[in-house]
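Comments concern the structure below.
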Protein chains: 2
Amino acid sequence: MAKKSMAEAQLMLGNQLCFAIYSTAHAFNRVYKPLLDRLGLTYPQYLVMLVLWERDGIAVKEIGERLFLDSGTLTPLLKRLEAAHLIRRTRSSEDERQVLIALSAQGHALKEKARKVPAAILSASGCSIGELSSLRKNLVTLRDQLNAAVGE
Amino acid sequence: MAKKSMAEAQLMLGNQLCFAIYSTAHAFNRVYKPLLDRLGLTYPQYLVMLVLWERDGIAVKEIGERLFLDSGTLTPLLKRLEAAHLIRRTRSSEDERQVLIALSAQGHALKEKARKVPAAILSASGCSIGELSSLRKNLVTLRDQLNAAVGE
DNA sequence: CGCAATTGTATTGCGCGCAATCTAATTGAC
DNA sequence: GTCAATTAGATTGCGCGCAATACAATTGCG
C-alpha cells in the first residue's frame, strides 16, 4: 500500500523534474522574447548567432553538434538568417557536402546590440551568480547523462 | 582586463544556464520518446494526461494554468487526444464558454501502462532521488521568479 | 580502380508553442 | 434591463524540433 502510493506520487506532475525543466525553459523563452524581438531574432536563432560570434566560417554540422540540433531544424533556420542578411551560406570547396556559415557585416554588427541581453536575463532570474552556476553545472551533468542513456 | 573578461564571463552565465535548460529539456524529450511511443503519446500529451489522472472533468483553462500553456496549443492537442479516444470534450452546461475534459475508459486505463515510465526516466538520469528533488526545487523557484519578472 | 558504405545537407510531414485575432457567453456598471 | 467589458475557446500563421527519407559527395575496402 505504501508502495502503491509511492508509484502514484511519481506520476504526479508537481513531483516531476522533467516538467520543472520544461516549464522553466518556456519561462526563459518568455523573458528572452521581448529582448530578442529588438534584435529580430528568435531564441534558437540567437543560439546560432552566439556560436557564430565565437567563431564563424564553420559547417552546419558543427553548429548542430554544439546546439544538439539536426539539419531538419538548422537548414530552414539558417535560410531565414540568410534572408535577414545576417549570414552567408557557401558550399565548401574542399568538401562539397559541407555548407559553411559565415557572418555578414550586419551579423557581426548585431553582436554589439546583443551585449546587453545577458545582464537583463541575469536580473530577471533574481538569483545570485553562485546559485545559477551550480544549477547550470548540475543540469549539464544531467543532460550529458541523459544523452548517454539514449545512445545506450 | 582580467576584471572585464570576468564580468563578461559572468554576464554570459544567464545565457549558459538558459542553454543548459534548453538542451536538457531536449535530452529529456529524447529519453521519453521511446517510452511514450508505446503509450501513443507525445510528451505534451503525457503532461495533459498526468493532470487528468490526478483529477479530470476540469476545464481547458485549468489544464492551461497548470502546464503554462494556452488554448492555441491545447485546443488541437486535446482534439488529437479525443480522436485517440482517450478523453471526451463537452461544453459545460453551467458556463457554455467552458469545455470540460473527461477521461474515457481507455484514458483511465492508460494510467496503468504509464506507471513504469517514471522509474525508467529515473534510471536514465543516473541521479539519486535526492539530487533530482533538489534540482527540481531550484528550477521551480527560478521558473516562478522568471514568470514574475515577465508579468512585471 | 570499382563499388559499397558513410557522411553532410536538404526535404517532407507532423506536433507543438505562442502571438494575434475572432466568436460566443458571461459579468458588471449604470 | 442594457450595453460595454471581460472571459473561455477556437483559429490562423509562423518557427522550431525531429523522424524519415532522399541525394550527392566522399571514404574505404577489396
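Just so it is clear: chains get the letters A, B, ... in the order the sequence lines come, proteins before strands, and each one is counted from 1.
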**OP:** In whole angstrom, give the distance that lies between atom CG of Asp70(A) and atom P of dT9(C).
**Re:** 12 Å
Original post:
Whole Å only: how far is the CD1 atom of Ile63(A) from the P atom of dG8(C)?
Top reply: 14 Å
Original post:
To the nearest angstrom, how far is Leu74(B) atom CG from dG15(C) atom P?
Top reply: 15 Å
Subject >> Rounded distance (Å) that lies between atom P of dC18(C) and atom CZ of Phe68(B) >> reply: 11 Å
**OP:** Assign Glu94(B) to base, sugar-phosphate, or nothing according to its heavy-atom contacts below 4.0 angstrom with the strands shown.
**Re:** sugar-phosphate
**OP:** Please report, rounded to the nearest Å, how far the C1' atom of dC16(C) is from the CG atom of Asn29(A).
**Re:** 13 Å
Subject >> Any side-chain donor near an acceptor of the partner, Ser104(A) and Arg88(A), under 3.5 Å >> reply: no
**OP:** Could you check whether Thr42(B) gets within reach of a base, just the sugar-phosphate, or nothing at all, counting any heavy atom under 4.0 Å?
**Re:** sugar-phosphate
**OP:** Starting from P on dC16(C), measure out to CG on Leu69(B) and report it in whole angstrom.
**Re:** 10 Å
**OP:** Among Ile63(B), Val51(B), Leu81(B), find the residue that satisfies the side-chain contact (heavy atoms from CB on, under 4.5 Å) test when tested with Ile101(B).
**Re:** Ile63(B)
Subject >> Glu65(B)/Lys61(B) ion pair, N-O < 4.0 Å >> reply: yes
Original post:
Does Lys111(B) pair with Glu54(B) as a salt bridge, N-O distance under 4.0 Å?
Top reply: no
Original post:
In terms of side-chain heavy atoms of Arg97(A), which of dG17(D), dA25(D), dC16(D) is nearest?
Top reply: dA25(D)
